[in-house]
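Since the structure comes first, as structure tokens, the remarks are kept for the end.
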Protein chains: 2
Amino acid sequence: MKGKIFIIEDEASIVQLVQHNLEKEGFVVSSSLNGNEGLKELKKFEPNLLLLDWMLPDLSGIDICKNIRRDSNFKSLPIIMLTAKGEEEDKIKGLESGVDDYITKPFSFNELSARIKAVLRRSDPNIVANNLTFEDLKLDRIEKRVFRSDKEIQLGPTEFRLLEFFLTNPKRVYSRDQILETVWPNNVNVESRTIDVHIRRLRQSINIEGKKELIRTVRASGYSLI
Amino acid sequence: MKGKIFIIEDEASIVQLVQHNLEKEGFVVSSSLNGNEGLKELKKFEPNLLLLDWMLPDLSGIDICKNIRRDSNFKSLPIIMLTAKGEEEDKIKGLESGVDDYITKPFSFNELSARIKAVLRRSDPNIVANNLTFEDLKLDRIEKRVFRSDKEIQLGPTEFRLLEFFLTNPKRVYSRDQILETVWPNNVNVESRTIDVHIRRLRQSINIEGKKELIRTVRASGYSLI
DNA sequence: TCTTAATGTTACAGAAATATTACAAATTAA
DNA sequence: TTAATTTGTAATATTTCTGTAACATTAAGA
């Protein structure tokens with residue numbers, strides 16, 4: 001079950017793109033191109049999350065934000081702010097305007113989607129999948145814990161992300177490049193062979209008590225979760 | 001379900017040929033004969049892949065490429081570059097202009113089609129068929145697995161590619177040269193007889209438990225999948 | 001049947017890909 | 001700050017794959 005998202009943003013092209021893609025992901029989406037109306041519609045729509053432009057023709061994003069926070073029904077509505085580059089990100093960040101996250105335009109939809117899910121995961125865990133499982137492997141994204149056959153496993157941050165990645169698409173083979181792109185922070189340059197080492201570390205951690213190997217090496221192609 | 005492909009290429013005859021054939025394969029295709037307009041239309045069209053001419057009357061392919069890579073919404077749009085022979089292929093190859101693949105004119109539609117699918121398979125796996133079957137043989141391109149009568153078969157990389165190749169056109173006889181060209185990485189020189197050995201290895205792997213031979217030798221011509 | 005060209009089979013050495021280990025630098029926790 | 005953990009890489013070990021050559025077998029025409 002997916003949630004409802006409301007967008008207040010005056011650039012129609014952005015709204016269109018984001019709305020379309022979010023709907024494709026199963027969210028129910030509604031939007032408004034200006035602040036005052038948006039505020040009203042939003043309260044009727046009762047979304048699980050709001051995407052809010054920082055600079056609007058009528059009301060500023062921060063005013064909307066304050067308005068929302070004053071309304072007891074929406075006090076805890078998660079808000080992700082959309083800001084243009086240079087629009088004093090620091091202020092937004094520092095100024096605790098009650099924003100849950102913000103993203104700088106231009107952004108890729110994937111990045112936005114990831115942030116939306118991250119925020120929803122905290123605020124409204126039922127909307128977003130928080131547990132990934134495969135066979136006797138379980139990963140809890142909220143608590144950041146991993147279990148194999150109900151026995152907890154300790155993983156470093158990178159191994160955690162790596163396993164999380166494999167769990168989103170079990171059985172599928174990923175090349176080292178694909179793994180790098182997705183698991184490592186953008187623009188980080190790491191040797192492709194480095195992945196082998198992390199695979200080894202992950203293997204070592206999750207293959208407890210002689211249980212069966214869960215990571216498959218596919219020569220010349222990459223790795224997969226069995 | 002097939003995806004959307006956009007073409008920017010000034011030779012109308014090429015556009016026509018490619019567009020027509022791609023549509024026949026089920027793709028939704030749109031095109032433009034020049035760079036600047038193409039760039040605009042492309043962004044409206046939101047394709048899953050772009051075929052881009054290297055030499056255009058107004059903008060060079062590489063400029064378009066850069067423009068696209070700067071636009072966060074299209075940063076990861078797969079691009080296949082179309083180049084005339086002699087147009088410094090090396091540069092395109094080396095110069096990491098963010099191109100996913102390139103093909104030299106004149107090309108056969110089949111070759112283009114194969115490359116398009118290969119690229120889409122990485123970027124957008126749901127668009128392309130990922131399973132090849134023939135009789136009781138099954139090959140899964142995503143999981144990189146091969147089955148005969150539901151029993152998994154272990155193949156080395158080359159044998160996998162070889163079988164994949166045969167499965168795209170069962171019953172058709174391929175000469176050793178054709179096999180070499182398609183299955184082996186470009187510019188690799190291998191003895192033609194080497195194929196015999198790989199055929200043997202493939203045969204040995206897929207003919208389990210006395211099941212019937214699936215690879216046919218056509219004397220003086222080559223091999224085929226029955 | 002003999003001859004010959006084409007294909008099948010085998011074994012093996014070198015190449016290529018992956019696994020493993022150790023370690024120093026970077027990061028985080030105490 | 002110091003200690004502990006985590007990371008990336010390089011060096012080394014191990015495994016698996018590849019291509020080829022040498023020899024065996026088969027098919028087809030003379």
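Note on naming: letters A, B, ... go to the chains in the order of the sequence lines (proteins, then strands), and numbering restarts at 1 for each one.
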With B/L51, the side-chain contact (heavy atoms from CB on, under 4.5 Å) member among B/L22, B/I14, B/I79: B/L22

Nucleotide C/dT18, atom P - distance to CD1 of A/I199 in whole Å: 11 Å

Closest to side chain of A/R201, choosing from D/dT18, C/dC23, D/dA27: C/dC23

Nearest-Å distance for atom pair CD/P, residues A/E191 and C/dA17: 14 Å

d(CG, A/L155; P, D/dT7) in whole Å: 10 Å

Sugar-phosphate, base or nothing in reach of A/Y223, heavy atoms under 4.0 Å: sugar-phosphate

Any B/W184 side-chain N or O less than 4.0 Å from OP1/OP2 of D/dG19: yes

Whole-Å distance separating the CD1 atom of A/I195 from the P atom of D/dT9: 11 Å

Per A/V190 side chain, nearest of listed nucleotides D/dT16, D/dG8, C/dG8: D/dG8

Nearest-angstrom distance from the residue atom CD of B/Q154 to P of D/dT15: 17 Å

Minimum side-chain heavy-atom gap A/V188-A/L180 below 4.5 Å: no

Phosphate OP1/OP2 of D/dT7 contacted by A/T158 side-chain N/O (<4.0 Å): yes

Interatomic distance where CG belongs to A/L202 and C1' belongs to D/dT6 [whole Å]: 15 Å

C/dG8 OP1/OP2 closer than 4.0 Å to side-chain N/O of B/T217: yes

Closest-nucleotide ordering on DNA chain C, the 5'-leading residue of B/V197 and B/R176: B/R176

Sugar-phosphate only, base, or nothing, as touched by A/T194 at under 4.0 Å among non-hydrogen atoms: base

Residue pair B/R141, B/K117: steps toward the side-chain contact (heavy atoms from CB on, under 4.5 Å) verdict: CA-CA 12 Å; B/R141 288 168 138 157; B/K117 284 171 189 160; over 6 Å; no

Integer-rounded Å distance: D/dT6 P and A/L162 CG: 15 Å

Heavy-atom donor-acceptor pair, A/R200 side-chain to C/dA19 base, under 3.5 Å: no

For atom NE2 of B/H198 and atom P of D/dC17, their distance in whole Å: 11 Å

Audit row: B/F165, B/Y174, ring-ring contact (aromatic ring centres under 6.0 Å, His included) steps and yes/no: CA-CA 10 Å; B/F165 173 65; B/Y174 290 99; 4.3 Å; yes

Side-chain donor/acceptor of B/R203 to base of C/dG8, under 3.5 Å: no

Residue pair A/L137 / A/L163, side-chain heavy-atom distance below 4.5 Å: yes

